Amino acid sequence: MQNAEALNIDHFERPKKNYLNNGTTLKSWLLTKDHKRIAIMYLITVSLFFMTGGIYAATIRLELLTPASDLLNTNTYNKVFTAHGILMIFFFLIPAIPAVLGNFFLPIMIGAKDLALPRINLLSLYIYWLAGGFAIWALLQGGVDTGWTFYVPYSTTFSNTYVLAVGLAVFINGFSSILTGLNFIVTVHTMRAPGMTWFRLPLFVWSHYAVSLVMVLGTPVIAITVLLLALERFAHIGIFDPAIGGDPILFQHMFWFYSHPAVYIMILPGMGVVSELIPNFARKKIFGYEFVAFSSIAIAVFGFLVWGHHLFVSGQSIYAGMVFSFLTMVVAVPSAIKMFNWTATLYKGSISYETPMLYGLGFMGLFFIGGMTGLILGALGLDVHLTDTYFVVAHFHYVMVGGQVIAYLGGLHYWWPKMTGKMYSEFWGRISAMLVFVGFNLTFFPQFILGFMGMPRRYAAYPPEFQVLNIFSTAGASVLGIGLVMPVLYLGHSLLYGRNAGDNPWMLPGLEWRTSSPPPTENFETTPIVTWEAYDFGEDSGLDFEEARRRELAPVI
Amino acid sequence: MEYNSWVPLLPEQASSFAGQVDLLYFYLILVSIAFAIPIGVGIFYFMIRYRERERFASTEGIHGSIVLETTWSIIPFLVSMTIFLGGAYVFFNQYTIPKDGMEIYVVGKQWMWKIQHSTGQREINELHIPVNTTIKLTMTTEDVIHDFYVPAFRTKADIVPGRYSYLWFKPTKPGKYHLFCAEYCGLNHSGMGGWVYVMEQKDFDNWLAGNTSGQTPVEMGKDLFYNKLGCASCHAGGPAQRGAKLEGIYGKEVKLTGGGTVIADDNYIRESILTPTAKIVDGYQPIMPTFKGQVTDEQLNGLVAYIKSLSGVTGSSTTVSTTSAPAANTASNSASPAQASNANTPRRADRGSNSQGSNPKAPGPTRRP
Amino acid sequence: MANHATSYSDKFVYHEPGLQHQFEDMKQQEESVSIGMWMFLVQEIMFFGGLFTVYLVFRFRFPMAFSMGSNHLNVIMGFTNTLVLIVSSLTMALTVYFAQRNKRNWQIGMIVLTMLFGLTFLYIKYLEYHEKYVDGLVPVAGWNRKVKLPGTELSAPLPFETGAVAASEQGGEEEKPYNNPRGEFQWREGSKLVSDALAEEKANPNKKVLTEYERAGYLDPTTGLVDEYRFQEKIRSFFWIYFALTGLHALHMIIGLGLMTWLLWQAFKGTFNSEYYSPVEMSGLYWHFVDIVWIFLFPLLYLLGRHLLAGG
């Protein structure tokens with residue numbers, strides 16, 4: 001029950017014992033079994049990788065200001081875009097939301113003390129650090145220039161770069177993913193608090209359950225693919241390299257069999273975050289709960305069936321292409337269902353525009369464009385023209401950055417008061433959200449046009465008629481960059497100088513808001529007993545909204 | 001390449017199915033707008049109408065509607081099916097290779113396109129074709145996966161080593177169109193471009209007959225060096241330089257692998273173009289392909305003249321008697337009658353060496369980490 | 001799960017030995033560990049599945065080479081290993097049985113037996129690999145038995161350089177004598193069967209004995225005859241897949257033995273009883289999984305294609 005006193009903004013006190021000060025030695029952090037501490041360590045690492053990948057991105061955009069390959073020579077450019085892809089995909093996008101927000105909040109949202117297998121969770125973190133270390137070492141040695149897709153025979157026979165080292169890093173990183181997914185599945189099955197039935201679970205939990213299925217089933221395939229790639233490169237076993245009788249398309253099939261579900265690993269948690277942001281900031285129950293929950297599962301399942309749409313022009317049969325195109329259309333439908341449900345949730349709500357909500361709404365707009373352009377690429381006749389051009393680059397940045405990164409930022413801001421006990425500056429948060437949105441669109445929308453014009457991807461130098469649009473794109477990237485750096489500053493500032501947030505700064509019914517900020521190590525003082533539905537803003541939720549209104553609390557600045 | 005405005009939005013529609021592709025694209029944009037409207041209007045209207053009036057307000061719990069859910073599941077599914085059908089129809093047209101047509105052979109190689117017409121005419125990084133004729137490309141690659149992409153024709157196909165890949169189109173509009181490599185293939189992927197020249201039939205016939213323009217030998221040599229033969233991709237300096245430096249070598253001693261030296265004279269230059277492996281410059285790999293069969297004597301003279309000009313030697317003092325074995329294909333219609341090969345290049349015309357790329361069995365290159 | 005609010009003050013609540021702090025009771029812990037182990041095994045299936053897929057793709061594209069390679073695998077040893085593993089699964093199941101019934105000595109005995117069978121499996125595997133080493137069938141140059149026949153030069157030409165059509169011209173199927181100064185992969189059986197298949201196709205134009213891939217893969221494009229070196233390369237690919245699959249399996253076996261060692265130590269300490277035996281069960285699950293992978297591996301690698309070469 002929320003105490004009226006506790007809602008008085010000026011008097012929030014930081015709980016004396018919480019997970020952050022429960023043990024202050026380095027050893028207590030590095031050997032912790034507390035999922036919240038593990039999440040914070042992931043947060044720091046993931047942010048470092050994001051920034052490194054971002055520097056590579058800035059380098060790419062600077063080079064592409066001019067048609068000639070003048071800032072970087074082509075060799076360096078090839079290594080730079082490969083590093084950007086590998087770091088962003090494997091070391092940022094795949095872990096970010098599950099390992100940071102999922103680790104922190106999945107147990108709390110289901111009312112548990114911790115994940116089911118805390119030591120496996122810590123092992124996941126160690127493996128991630130090991131893999132990341134390998135990757136950074138390989139990049140410092142000179143990196144790889146194969147593209148993150150490692151197509152053979154270039155990567156097995158022609159590239160003179162550190163393919164084996166980076167492959168090893170990716171292989172090791174896969175185990176981190178698998179163990180996290182495994183942990184989430186077990187936790188959701190066995191650790192729910194009394195009264196927390198499957199259909200009372202927050203949608204964030206549903207989406208993480210779906211994503212965990214994909215992580216456990218899909219990641220081993222990339223592991224074996226990278227292993228075979230390494231064997232082919234090292235020992236010429238003759239399965240991929242056509243010069244010795246192998247089949248390069250077999251590599252593509254195996255690679256994309258994982259890498260397509262991987263993109264759903266990246267987006268599903270983001271959708272889970274948005275499914276929290278929209279109903280909570282509209283103060284209204286989500287529209288169509290079961291449909292949103294099951295659509296996550298549907299995306300996870302169908303996501304395994306569409307990998308061939310990356311091979312439309314590779315020489316696979318026309319009929320295989322048609323099957324994959326059909327299935328690609330089908331997998332778009334659950335995402336559409338989510339969009340409509342989120343929109344309908346706003347109907348007759350009471351919407352406030354704090355930073356997390358701005359990110360949530362931004363996600364909806366940008367993911368819509370990303371999704372529709374995915375349909376464009378899924379249409380065979382168009383894909384023949386557009387594949388391997390900047391259209392594809394724009395599409396996946398819309399869903400990855402406009403989708404995942406924006407959802408991640410939204411979730412980070414939303415749960416920042418809970419994780420740290422401090423409120424960030426709403427003013428700076430809104431400014432940076434708008435800069436990110438504007439900068440992002442300016443960066444990537446011109447790339448759709450460039451793609452249809454025919455500018456291929458992975459080009460260090462391009463024909464001069466493409467320069468104008470490239471300049472727009474780089475200009476947008478600078479704005480985007482500023483918008484992405486700002487949170488580091490004001491969130492960091494809030495850690496030292498922010499005001500205390502209190503248990504429930506936004507008066508929300510979720511379980512995570514019914515414990516202190518930051519939470520105690522065991523998450524709850526006493527095991528919660530859940531009697532309310534998810535996103536219940538009515539009387540059954542057990543929160544005293546009347547009292548809060550009576551005290552007429554001022555909006556947060 | 002012609003565009004309509006200074007910020008180009010669409011490439012030329014220059015093939016028989018380009019219009020279909022663009023139509024499908026416009027349909028999809030329309031569909032996107034059609035879906036954006038209810039969602040966008042919904043979001044913006046709700047955002048304003050239902051904005052927070054009172055802090056921590058309560059709301060009506062409207063939880064769902066099977067009717068709405070069904071509607072907005074079925075309608076997107078049906079629409080996506082129309083997209084699928086449209087895409088499949090266009091795809092069928094793009095990828096069903098017709099039975100008849102003008103056959104052209106393409107070999108992709110790091111980092112150039114070698115093209116051969118069935119009449120024997122060879123080109124590098126350029127493709128001359130007549131308008132309104134079905135063109136069928138049979139493609140192979142000598143090394144890694146490439147992709148033959150002509151945006152104006154709205155079609156591309158990956159070229160995978162170890163097998164033949166096929167592409168077809170029917171150009172409908174004369175012009176000069178970009179050719180790109182659209183599958184990352186290593187260092188000079190972005191440099192592996194070229195031009196497709198679609199010409200009226202009579203211009204094409206003219207071109208096949210091999211008219212030469214009124215260039216000086218040095219100009220012709222320079223044109224060949226930079227544009228037509230792709231020498232610049234390895235010899236022009238800069239980071240992609242994989243071939244021996246050519247500036248200032250004429251008349252000087254060149255150090256070879258294995259310790260010997262040679263004076264870089266006209267014969268040496270000519271031999272290096274026709275039989276590159278005969279003498280390898282110290283510190284470089286023996287990877288230069290031979291151009292035997294691809295250059296006419298006239299063109300050879302131009303190249304030698306140009307390379308000499310890089311050392312400041314002007315005047316076309318081409319030595320007359322040192323023509324090596326003539327190119328054996330029809331490109332050399334201005335060829336002088338076969339002269340006795342001189343002692344430097346006693347090999348017979350070897351057309352086969354250029355087509356080594358079309359043998360899928362060709363072993364990989366020697367460089368390995 | 002407990003149906004009442006529980007306080008978390010550890011000092012005052014009795015914990016069953018072995019209960020982890022995040023769980024309410026043993027039942028929850030056992031359920032969690034069980035689901036966790038099953039999920040782990042599912043991803044192992046996907047991992048091996050990828051390798052099986054590669055094997056099947058190549059086996060169907062190059063049936064002759066893969067059958068001939070498969071014929072060089074020792075079916076007796078493979079079958080013995082199958083029996084060894086099945087029995088070890090029995091002893092593993094018995095371990096769980098006895099743990100459930102609190103019989104410490106029987107548990108220890110059964111674990112020891114399981115480990116013995118596991119070691120037997122690995123030993124037989126070693127013998128098999130050694131056989132390959134002796135015959136020059138290890139697909140890495142330098143990793144085979146080095147033999148220099150008397151009278152041959154140290155810089156003898158590589159086996160495939162000595163004459164591409166030697167075997168098929170000899171008319172017989174005898175293997176060439178073993179001469180392997182550099183320890184390379186050697187296929188000494190020749191490719192007569194492929195030449196026979198080619199001849200058969202020529203005789204009956206409607207009959208297709210070789211697959212399209214085989215045609216492109218074995219034959220010299222200019223002569224249309226079998227190219228010994230290219231055929232050998234396909235056999236080499238078979239052996240690579242053989243070693244990769246069995247090697248990965250053996251690695252999992254070794255991990256299993258490590259698991260058994262830990263289990264033995266714990267059983268010795270008397271940790272397991274009728275209330276707490278889930279680690280035994282989970283280890284059992286892992287062991288059975290390793291067994292099942294072998295059950296698939298054995299017929300696919302050792303037995304497929306024998307009919308193709310019946311009489312050969």
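None of the values given here were measured: they were computed from a predicted structure. Within every chain, numbering begins at 1; the chains are lettered A, B, ... in the order of the sequence lines, protein sequences first and strands thereafter. Scope of the values below: all heavy atoms of this structure, side chains included, with no hydrogens, waters or symmetry mates.
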Is a donor on one side and an acceptor on the other found under 3.5 Å between the side chain of [X] and the backbone of [Y]?
{"X": "B/Gln94", "Y": "A/Gly381", "result": "yes"}
{"X": "B/Tyr184", "Y": "A/Asp145", "result": "yes"}
{"X": "A/Ser352", "Y": "B/Glu52", "result": "no"}
{"X": "B/Tyr149", "Y": "A/His385", "result": "yes"}

So if I apply the side-chain contact (heavy atoms from CB on, under 4.5 Å) rule between A/Leu346 and each of B/Phe44, B/Phe46, B/Tyr50, B/Tyr45, which one comes out positive?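 So the option named by the test is B/Phe46.
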Is it the backbone or the side chain of [X] that comes under 4.5 Å from a heavy atom of chain B, or both, or neither?
{"X": "A/Ala460", "value": "both"}
{"X": "A/Thr328", "value": "neither"}
{"X": "A/Ile286", "value": "backbone"}
{"X": "A/Tyr151", "value": "side chain"}
{"X": "A/Phe368", "value": "side chain"}
{"X": "A/Val152", "value": "backbone"}
{"X": "A/Gln252", "value": "side chain"}
{"X": "A/Asn341", "value": "both"}
{"X": "A/Met339", "value": "side chain"}
{"X": "A/Val333", "value": "side chain"}
{"X": "A/Met357", "value": "neither"}

Top residue by heavy-atom pair count (under 4.5 Å) with chain A, among [options]?
{"options": "B/Ser32, B/Gly193, B/Pro76", "value": "B/Ser32"}
{"options": "B/Asp147, B/Ile145, B/Leu85, B/Thr96", "value": "B/Ile145"}
{"options": "B/Leu167, B/Asp22, B/Leu24", "value": "B/Leu24"}
{"options": "B/Thr155, B/Val90, B/Ile39", "value": "B/Ile39"}
{"options": "B/Ala157, B/Ser73, B/Gly40", "value": "B/Ser73"}
{"options": "B/Ser165, B/Gly42, B/Gly186, B/Cys185", "value": "B/Gly186"}

Provide the closest heavy-atom pair for [X] versus [Y] in the form atom of the first, atom of the second, distance.
{"X": "A/Pro248", "Y": "B/Pro161", "value": "CG-O, 4.1 Å"}
{"X": "B/Leu28", "Y": "A/Ala379", "value": "CD1-CB, 4.2 Å"}
{"X": "B/Phe180", "Y": "A/Tyr459", "value": "CB-OH, 3.5 Å"}

Against chain B, work out which of A/Ala336, A/Ser314, A/Gly365 has the most heavy-atom pairs shorter than 4.5 Å and name it. A/Ser314
Engaged part of [X] at the chain A interface, taking heavy atoms whose separation is under 4.5 Å:
{"X": "B/Ala36", "value": "both"}
{"X": "B/Val21", "value": "both"}
{"X": "B/Ile66", "value": "side chain"}
{"X": "B/Cys181", "value": "both"}
{"X": "B/Leu78", "value": "neither"}

Report the distance from atom [atom1] of [X] to atom [atom2] of [Y], rounding to the nearest 0.5 Å.
{"X": "A/Phe452", "Y": "B/Arg154", "atom1": "CZ", "atom2": "CZ", "result": "5.0 Å"}
{"X": "B/Asp158", "Y": "A/Leu311", "atom1": "CG", "atom2": "CG", "result": "8.5 Å"}
{"X": "A/Leu375", "Y": "B/Phe35", "atom1": "CG", "atom2": "CZ", "result": "8.5 Å"}
{"X": "A/Ile249", "Y": "B/Arg163", "atom1": "CD1", "atom2": "CZ", "result": "5.0 Å"}
{"X": "B/Leu187", "Y": "A/Asn75", "atom1": "CG", "atom2": "CG", "result": "5.5 Å"}
{"X": "A/Phe294", "Y": "B/Glu69", "atom1": "CZ", "atom2": "CD", "result": "12.5 Å"}

Mark yes when over 12 heavy atoms from residues, nucleotides or ligands other than B/Tyr27 sit less than 6.0 Å from its OH; otherwise mark no.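 Result for OH/B/Tyr27: enclosed.
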Begin with the C-alpha distance, continue with both residues' side-chain angles, and end with the deciding distance and a verdict on side-chain contact (heavy atoms from CB on, under 4.5 Å) for A/Phe287 and B/Leu68. CA-CA 10 Å; A/Phe287 193 95; B/Leu68 272 176; 3.8 Å; yes
Does the side chain of A/Tyr353 reach to within under 4.5 Å of the side chain of B/Met47, using non-hydrogen atoms?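 Yes, side chains in contact.
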Check whether any side-chain heavy atom of B/Glu183 sits under 4.5 Å from a side-chain heavy atom of A/Asp388, and report yes or no.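 Result yes, sub-4.5 Å side-chain heavy-atom pair found.
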Show, in sequence, the C-alpha distance, side-chain angles and deciding distance for B/His189 and A/Tyr77, and conclude whether the side-chain contact (heavy atoms from CB on, under 4.5 Å) test is met. CA-CA 11 Å; B/His189 170 59; A/Tyr77 182 81; over 6 Å; no
